[in-house]
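Beneath this line is the structure, given in structure tokens, with notes to follow.
Indexing begins at 1, ligand by ligand and atom by atom, following the structure's order. The first residue in the sequence is number 1, and the count goes up from there. Computed from a predicted structure; not experimentally measured.
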Amino acid sequence: MDIRTQKTFEALFALEDIRETLRQTLPNITNSEEEHSIKEGVNRVRKILDDIEKGTGIPEVRKIAGTIDIRSREETHINIQPIQAAGRLTPEARKALIAYGDGYSTCDACRKPFRLDKITSPPIAPFHEQLASFVNMDVARVVPGARRGFQAVASTLVNKGDSVVVSSLAHYTEFLAVEEAGGIVREVPLDEHKLVTADATAEKIEEIKQETGKLPVLVMIDHFDYQYANEHDVKGIAKVAHQYDIPFLYNGAYTVGVRPVDGKDIGADFVVGSGHKSMASPAPSGVLATTEEWAPRVFRTTQMTGDLTKRKFGVKEVEMLGCTLMGSTLIGMMASFPAVRERVNNWEDELKKSNYLINGLLAIDGSRVVSEYPRKHTLSKINTSGNFDIIAQEHKRRGFFLSDELSRKGIVGEFAGATRVWKLNTYGLSWEKVRYVVDTFHDIADKYKLQINKENNSNGNK
Ligand SMILES: Cc1ncc(COP(=O)(O)O)c(C=O)c1O
């Protein structure tokens, strides 16, 4: 959706808000000053809509947008922030946030068997089915963040002292989930390309078996890690895990919602995704999907009864603590889902843009890409200690000079002050914006007399 359409949508929404206030207040208005100010508000929104039509309205929109919690960064800037890109909400999700802000607003039509994933109005039950088929698994639940997916699986499978195999680039939340269950994390070392391989995973499993006399109870690997966004051989690793009869958890925090994910093809027993990282959804949200085989264990229902009252709690799922996401978090996720389901098909183009930008940076003498290259993700880590950081040493603003230069040109999101090793993300930026970012970096390089090799901008040296 282009910015103009989005603005129109937002202004319409603000207008709707004012209309609602009018509807509620008008019959009681005795105070002509109040009436006047409401009418003035309506006129202001009308003017914004006119301005948008003429293409002149953005600053005015920002004023009113502030009142309905619209962030100004995406309206007036190009944001290359590394972890926010694919979690940014669609206008539909923004609308859902307000409409379903009340926590139990999803529960009006909750009928027997009284569980979130069984509610059909709004269509939460079909959404769960769509989520499962989106990642080609059998059963799915929404969870408050990928970390709660790890937690549910670890709590189900891991007993005190059990080993769990993770990558040595695993996210800290995987460690916490295992720790909480009483398990011990064992990391697979990286190879020289900073990748986790199937062979290294097999060696680690053998090592654990030798040392403890027991096999690990779970292998949990990030498809793309959070450090470099390098792609790890999840399919090969799942195969190894299964050769030992160990279940495999696929961490798709950086994939589910941005590129196609086929859990069955990968050989995953569990697929975990993050709504606020990669599914244009409000935080905290995520998905845990599994197979028919594992669903009865990880989504087991309670056996508890009240000792005095003999109450039973029906089909409430233990690991989900009954129900998980409610209100606007869930409806926001659902509102973005049609767009998310569609956008995964654009992944190849997203990768072209990512590589275009990285190549543009590599063309500046002294740049290096720390992530694997060519890029297989839109998140990348780069090293500019050989160019921008040298300028920073002499500059009166030190490391902040680069952020100053970028934000002067409307580019934000890099870690302010970081001119050595830093991350950026191109996800969702149009070609026009990506080209503009590259041109801006080149302009800054020119200004500070750095060498640019425009013909040879595919230098991928590490
Ligand atoms: C690789 C990876 N896994 C898991 C997580 C946790 O995701 P969530 O915030 O949805 O719990 C993150 C968050 O940054 C991550 O980078």
Atoms of ligand 1 close to [X] [distance to a heavy atom under 4.0 angstrom, numbered from 1]:
X: A253; value: 2 (C), 3 (N), 4 (C)
X: H276; value: 8 (P), 9 (O), 10 (O)
X: D222; value: 1 (C)
X: F150; value: 4 (C)
X: Y226; value: 16 (O)
X: G145; value: 10 (O), 11 (O)
X: K277; value: 12 (C), 13 (C), 14 (O), 15 (C), 16 (O)
X: N251; value: 1 (C), 2 (C), 3 (N), 4 (C)

Check your understanding: Do V421 and F415 have side chains that get closer than 4.5 Å, going by heavy atoms?
Key ->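 No, their side chains stay 4.5 Å or more apart.
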Review point. Does a side-chain heavy-atom distance below 4.5 Å link Y244 with E206?
Key: yes
Practice item. Indicate yes or no: does an N/O atom of E174 lie under 3.5 Å from an N/O atom of ligand 1? Key: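 For ligand 1, there is no N or O atom that lies under 3.5 Å from one belonging to E174.
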Point to revise | Aromatic ring proximity Y250/H223, centre distance under 6.0 Å | key: yes
So which heavy atom in the protein is nearest [atom], and how far is it from that ligand atom?
atom: atom 7 (O) of ligand 1; value: A146 CB, 3.5 Å
atom: atom 15 (C) of ligand 1; value: H171 CD2, 3.3 Å
atom: atom 11 (O) of ligand 1; value: R147 NE, 2.6 Å

Point to revise | Parallel, tilted or perpendicular: ring planes of Y427 versus W347, cut at 30 and 60 degrees | key: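 Ring orientation of Y427 relative to W347: tilted.
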Practice item. Keeping the roles fixed (side chain from D138, backbone from T291), state whether a donor-acceptor pair exists under 3.5 Å. Key: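 It does not hold such a pair.
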Review point. Could you walk me through whether F150 and F270 pass the ring-ring contact (aromatic ring centres under 6.0 Å, His included) check?
Key: CA-CA 9 Å; F150 310 146; F270 305 98; over 10 Å; no
Review point. With the threshold set at 4.0 Å, does a side-chain nitrogen-carboxylate oxygen contact exist between E207 and R186?
Key: yes
Practice item. Give every residue pair that meets the side chain to side chain donor-acceptor pair (under 3.5 Å) criterion with at least one member in residues 312-325, sequence neighbours excluded. Key: R115-E317, R141-E317, S155-E319, T156-E319, R300-E319
